[in-house]
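Numbers here simply count residues along the sequence, with the first being 1. All heavy atoms count here, side chains included; hydrogens, waters and symmetry mates do not.
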Amino acid sequence: MDFRKTVATKVSEATGLDFETVNRLIEIPPQEDMGDFAFPCFTLAKTMHKAPNMIASELSSDDRVSDPCFSRVEAKGPYLNFFVDRGEYARAVLSEVMKAGTDYGSSEEGTGKTVIVEYSSPNIAKPFHVGHAFTTILGHSLARIYEKLGYSVVRMNHLGDYGTQFGKLITAYRLWGDESALNADPITELLRIYVKFHEEEKNDPSLTTSARENFKKLEEGCEEEVELWKKFRDMSLVVFNKLYDRLGVKFDNYNGESYYAKMADEVVSMLKEKNLLVESEGAQVVDLEEFGVPPCIILKSDGTTIYGTRDIAAILYRDEHYHFDKNIYVVGIPQALHFKQVFSVLKKAGYECADKCEHVGFGLVKFQNMKFSTRDGNIVLLEELLDESVAKTYELIKANAETRKSDMSDEQLREIAEKVGLGAVIYTYVKAGRERDIVFSWDQMLDFEGDTAPYLIYTYARTRSILRKAAEQGVFPAEEGSELLSKLTGDEEFSCAKMIADLPDAIKKAAGSNEPFMVSRSVSNIARAFNRFYNNCSILGGDDLELKRARLSLCRCVCDAIEAGTYLLGISVVEQM
Ligand code: ARG
């Protein structure tokens with residue numbers, strides 16, 4: 001049962017205001033003594049020609065607003081405050097979760113609609129660093145969130161697999177490439193020869209010429225060059241896919257820039273036909289003054305296309321193949337202007353799909369007192385970050401297992417450490433608004449009591465262990481709809497139920513704003529509320545069997561809600577810890 005809906009229906013009946021307006025006005029009071037839902041009466045003052053306080057007071061004794069699901073309805077100043085009947089509330093919320101299990105929070109709002117989520121999109125032959133992890137983790141989470149809401153989701157990886165740098169790589173590889181080094185660690189080897197190319201190029205202009213020629217051959221489809229390029233691409237993908245597999249990340253489509261480069265001509269002729277191309281310093285550009293952004297270059301003065309042209313081609317391709325309702329780009333904030341230009345070109349060219357495209361930006365990644373052994377410069381590889389996190393988690397849970405004299409095998413501990421260690425990294429990326437810079441610090445991210453994945457996973461494992469223990473004692477949760485559930489009226493129980501009830505809404509809001517942190521915050525609230533409940537109420541103690549069963553149901557629902565929520569973030573839970 002949706003209590004908010006009942007509030008809105010009742011108020012709407014009593015005042016004549018339409019349901020939607022009332023529903024929009026309903027607030028969640030900041031303090032418990034102000035009730036669970038509040039309706040502000042200001043809007044009614046005009047039509048009723050009365051002071052809001054007076055209206056609130058009159059409504060509070062109006063029979064039309066009372067309902068068995070409210071324990072009382074009170075006026076406080078201009079507000080009409082609704083206090084839900086806690087027992088009924090717990091019963092309604094928990095029954096809904098029990099019915100859905102880990103499907104809890106699913107909806108059908110997206111049925112029949114297609115969302116393209118483009119994320120990750122690393123550059124071939126370049127290291128996969130912690131910045132790529134930001135888009136990968138955010139995009140993966142957003143894709144799951146949209147799916148949960150019934151959208152049909154297309155996951156796209158717009159690989160950076162095109163450009164003059166491949167001409168350089170081909171030249172460099174022919175001169176200095178080491179086949180066995182390439183096989184052992186492709187990206188390191190490709191990076192090595194790429195860096196060497198730039199060093200040598202300073203003293204040897206013939207390298208520049210050779211690279212340019214090789215790129216041209218590549219573009220023209222010359223067999224040997226294409227083959228080498230393909231080799232670099234495939235080998236890079238092997239490295240990327242290993243990371244994706246580890247994170248559980250998948251894509252439906254790996255069409256990179258090279259794929260769209262072939263369609264650039266069509267973009268150029270389309271823009272020409274519509275008379276949108278103008279010359280500027282030898283280049284062909286689309287003027288975007290009316291959109292308040294600088295012109296978008298389509299063709300450089302040497303007649304070659306650029307990054308933006310390929311993005312325009314990609315949107316037209318996506319529009320044609322997927323008829324998307326939404327096309328989102330999870331790409332760092334520094335590319336905001338680029339996307340604004342690309343979308344504006346299409347808008348100017350009269351494509352409706354331009355309005356369905358959205359850039360979902362994110363901030364920078366920083367580190368606090370963290371050293372990584374293998375890298376020079378500022379770049380930190382995702383793999384290093386994950387490995388360190390898992391290693392540190394392993395030490396922590398191993399020490400803990402020893403103190404508890406647990407009989408978990410080393411293999412089990414390592415399996416748990418892998419999930420929790422990855423979770424700790426993932427959570428750091430999704431725990432705050434995406435536009436904020438994030439700061440990694442081991443102390444924070446591995447704090448089992450903090451706002452962390454280890455805390456969430458630990459809480460989940462705790463609920464599982466309580467349920468297992470209860471089953472051993474022959475005690476089982478009360479069923480969906482059971483009267484027993486209305487025994488859950490304590491403060492901690494009520495607050496748990498409220499936090500659980502908030503998850504579906506948080507998921508919708510996360511999709512609406514492309515902010516997975518709405519989900520992480522909700523799951524974290526559930527875990528906090530549960531631990532307060534756990535610390536204050538004995539679940540399996542006492543001899544009120546009915547209360548025990550009701551509390552086990554609460555436990556079960558917390559467990560399902562955490563599992564559902566962490567899944568949306570890309571974090572895996574464990575049965576014990
Ligand atoms: N490969 C680019 C980079 O690493 C990101 C691509 C973003 N996506 C796009 N459609 N332009 O910076």
Side-chain angles (χ1 to χ4, degrees), residues 1 3 32-33 35-36 68-72 83-102 104 400-401 403-408 448-449 455-503 523-566 573-577:
M1 189 201 303
F3 283 66
E32 260 183 31
D33 63 347
D36 304 300
C69 73
F70 307 127
S71 61
R72 55 189 210 277
F83 293 78
V84 304
D85 180 280
R86 291 183 171 191
E88 276 310 301
Y89 185 78
R91 191 157 81 104
V93 172
L94 300 193
S95 296
E96 203 182 313
V97 183
M98 279 188 269
K99 190 157 108 201
T102 50
Y104 180 58
N400 184 271
T403 336
R404 285 186 298 123
K405 301 204 164 41
S406 134
D407 54 5
M408 270 192 280
F448 280 61
E449 300 288 320
Y455 175 76
L456 296 182
I457 301 174
Y458 187 69
T459 307
Y460 175 86
R462 171 174 276 164
T463 59
R464 299 297 293 170
S465 123
I466 295 166
L467 290 165
R468 277 195 304 269
K469 216 194 261 160
E472 279 164 23
Q473 296 172 11
V475 189
F476 296 93
E479 282 95 43
E480 173 197 336
S482 162
E483 286 295 335
L484 300 187
L485 298 173
S486 46
K487 285 181 163 269
L488 300 170
T489 56
D491 286 348
E492 287 84 9
E493 292 156 337
F494 182 51
S495 119
C496 247
K498 270 186 143 177
M499 292 308 171
I500 295 174
D502 177 57
L503 182 64
V523 183
S524 157
N525 285 339
I526 295 171
R528 291 258 157 242
F530 176 77
N531 284 313
R532 263 197 308 275
F533 159 65
Y534 177 82
N535 290 325
N536 286 302
C537 313
S538 162
I539 299 178
L540 293 177
D543 18 66
D544 183 344
L545 180 63
E546 295 191 336
L547 183 62
K548 259 193 229 182
R549 295 192 56 202
R551 286 182 166 170
L552 280 176
S553 302
L554 181 61
C555 206
R556 181 25 345 116
C557 291
V558 165
C559 162
D560 284 348
I562 294 182
E563 188 174 347
T566 48
V573 286
V574 302
E575 290 299 303
Q576 53 174 334
M577 215 159 150

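Of the inter-residue distances, the one linking Ser553 atom OG with Glu480 atom CD reads 10.5 Å to the nearest 0.5 angstrom. Rounded to the nearest 0.5 angstrom, Cys496 SG and Leu554 CG are separated by 4.5 Å. Rounding to the nearest 0.5 angstrom, the gap separating the CE atom in Met98 from the CD atom in Glu479 is 8.5 Å. Separating the CZ atom in Arg468 from the OG1 atom in Thr463 is a distance of 9.0 Å, to the nearest 0.5 Å. Atom CD1 in Ile466 sits 8.0 Å away from atom CG in Leu552 (nearest 0.5 Å). From Ser538, atom OG reaches atom NZ of Lys548 across 8.0 Å, with rounding to the nearest 0.5 Å.
Of all heavy-atom pairs between Leu485 and Leu94, the closest is CD2-CD1, 4.1 Å. Closest approach of Gly87 to Thr489, counting heavy atoms only: N-CG2, 3.6 Å. Contact record, Glu575 with Tyr460: OE2-OH, 3.6 Å, taken as the closest heavy-atom pair. Taking each heavy atom of Tyr104 and Ala501 in turn, the nearest pair found is OH-CA, 3.5 Å.
Annotation for Tyr534: atom OH does not count as buried by contact number, only 12 or fewer foreign heavy atoms lying within 6.0 Å.
Between Glu96 and Lys99, none of the side-chain N atoms (NZ, or NE/NH1/NH2) sits under 4.0 Å from a carboxylate O, so this pair counts as no salt bridge. For the pair Arg86 and Asp491, the salt-bridge criterion is met [side-chain N within less than 4.0 Å of a carboxylate O].
Here the two rings, on Phe494 and Tyr89, have centers that are under 6.0 Å apart.
No side-chain donor from either of Glu449 and Tyr455 sits under 3.5 Å from a side-chain acceptor of the other. No side-chain donor from either of Asn536 and Arg532 sits under 3.5 Å from a side-chain acceptor of the other.
Cation-pi check for Arg549 over Phe476 is not met; the charged atom does not lie both under 6.0 angstrom from the ring centroid and within 45 degrees of its normal.
Put simply, the side chain of Ser95 never gets that close to the backbone of Ala92: no donor and acceptor are under 3.5 Å apart. Listed for the Asp36 side chain is a donor-acceptor partner under 3.5 Å among the backbone atoms of Val84.
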Next item on the list: Step by step, work out the salt bridge (charged side-chain N to carboxylate O under 4.0 Å, His left out) result for Lys487 and Glu493.
Entry: CA-CA 9 Å; Lys487 285 181 163 269; Glu493 292 156 337; over 6 Å; no
Next item on the list: Apply salt bridge (charged side-chain N to carboxylate O under 4.0 Å, His left out) to Arg556 and Asp560, showing your working.
Entry: CA-CA 6 Å; Arg556 181 25 345 116; Asp560 284 348; 3.7 Å; yes
